[in-house]
Amino acid sequence: MATNRTFTMIKPDAVANGHIGNILAMITNGGFKIVSLKLTQLTVADAQAFYAVHSARPFYGELVEFMSRGPIVAAILEKENAVEDFRTLIGATNPAEAAEGTIRKAYATSIGENAVHGSDSDENAAIESAFHFAGREQF
Ligand code: CMP
């Protein structure tokens, strides 16, 4: 199961700018099945915990503030080769380097406010999915 699932968030910038529907359409048109979905908001403590791996980075404080400042959409997605294919669909972290046709090319405004998150490994996909969804919310 883990190998064909990934975790994503539509970040506060993209939610605030009204892009939920268009981004979900790009995700489903990209061949991903949504198996969990919710509109929620991270507390500061949630964001600190979710991004603990980045706690030594200079942008950590900014990242925590940004990710907790408004609602997000959290989702678990299913597709063969989900982690890698979803990272291709979202594009580079820095939207200036994101390829045409990617979600970040269309909707990200900066390297920090980059519209969407995608897990970087099967292991992190499972950890991040469990952070947001109980087992009975994963279909
Ligand atoms: P993501 O890859 O989803 O998870 C880590 C996040 O840290 C990344 O998206 C960006 O939102 C943020 N990030 C990465 N690099 C920088 C940076 N140089 N400055 C600010 N934020 C960053």
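Each ligand, and each atom within it, is numbered from 1 in the order the structure gives.
No donor-acceptor distance shorter than 3.5 angstrom exists from the side chain of R104 to the backbone of A98, with no hydrogens or angles considered.
Any N or O atom pair closer than 3.5 Å counts here, and T93 shares no such pair with ligand 1. Checked by distance only, ligand 1 and G112 come closer than 3.5 Å through their nitrogen or oxygen atoms.
Remark: minimum distance from atom 6 (C) of ligand 1 to any protein heavy atom is reached at L63 CD1, 3.8 Å. For atom 2 (O) of ligand 1, the closest non-hydrogen atom on the protein side is R104 NH2, 3.9 Å. The single protein non-hydrogen atom nearest to atom 4 (O) of ligand 1 is Y51 CE2, 3.6 Å, given as residue, atom name and distance. Annotation: atom 10 (C) of ligand 1 to nearest protein heavy atom, I111 O, 3.3 Å. Remark: minimum distance from atom 13 (N) of ligand 1 to any protein heavy atom is reached at F59 CE1, 3.5 Å.
By the 6.0 Å contact criterion, CD on Q48 is enclosed, its count of non-hydrogen atoms from other residues, nucleotides or ligands being greater than 12.
A donor-acceptor contact closer than 3.5 angstrom is absent between the side chains of S36 and Q138.
Shown in contact with K11 at under 4.0 Å from a heavy atom are these atoms of ligand 1, numbered in order with element: 1 (P), 3 (O), 8 (C), 9 (O), 11 (O). When each atom of ligand 1 is checked for a heavy atom of H54 under 4.0 Å away, the hits are 5 (C).
In this structure, the ring of F50 has its center less than 6.0 angstrom from the ring center of F131.
Expressed to the nearest 0.5 Å, how far CD1 of I72 lies from NE2 of H117 amounts to 9.5 Å.
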Check residues 11-31 and write down every donor-acceptor pair under 3.5 Å in which the side-chain atom is one partner and the other belongs to a residue at least two apart or another chain.
| from | atom 1 | to | atom 2 | distance (Å) |
| --- | --- | --- | --- | --- |
| K11 | NZ | N114 | OD1 | 2.7 |
| D13 | OD2 | A115 | N | 3.2 |
| N17 | ND2 | D13 | O | 3.1 |
| N22 | ND2 | Y107 | OH | 3.4 |
| T28 | OG1 | L24 | O | 3.1 |
| T28 | OG1 | A25 | O | 3.3 |
| N29 | ND2 | A25 | O | 3.2 |

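Between D120 and R87, the closest side-chain pair of non-hydrogen atoms falls below 4.5 Å.
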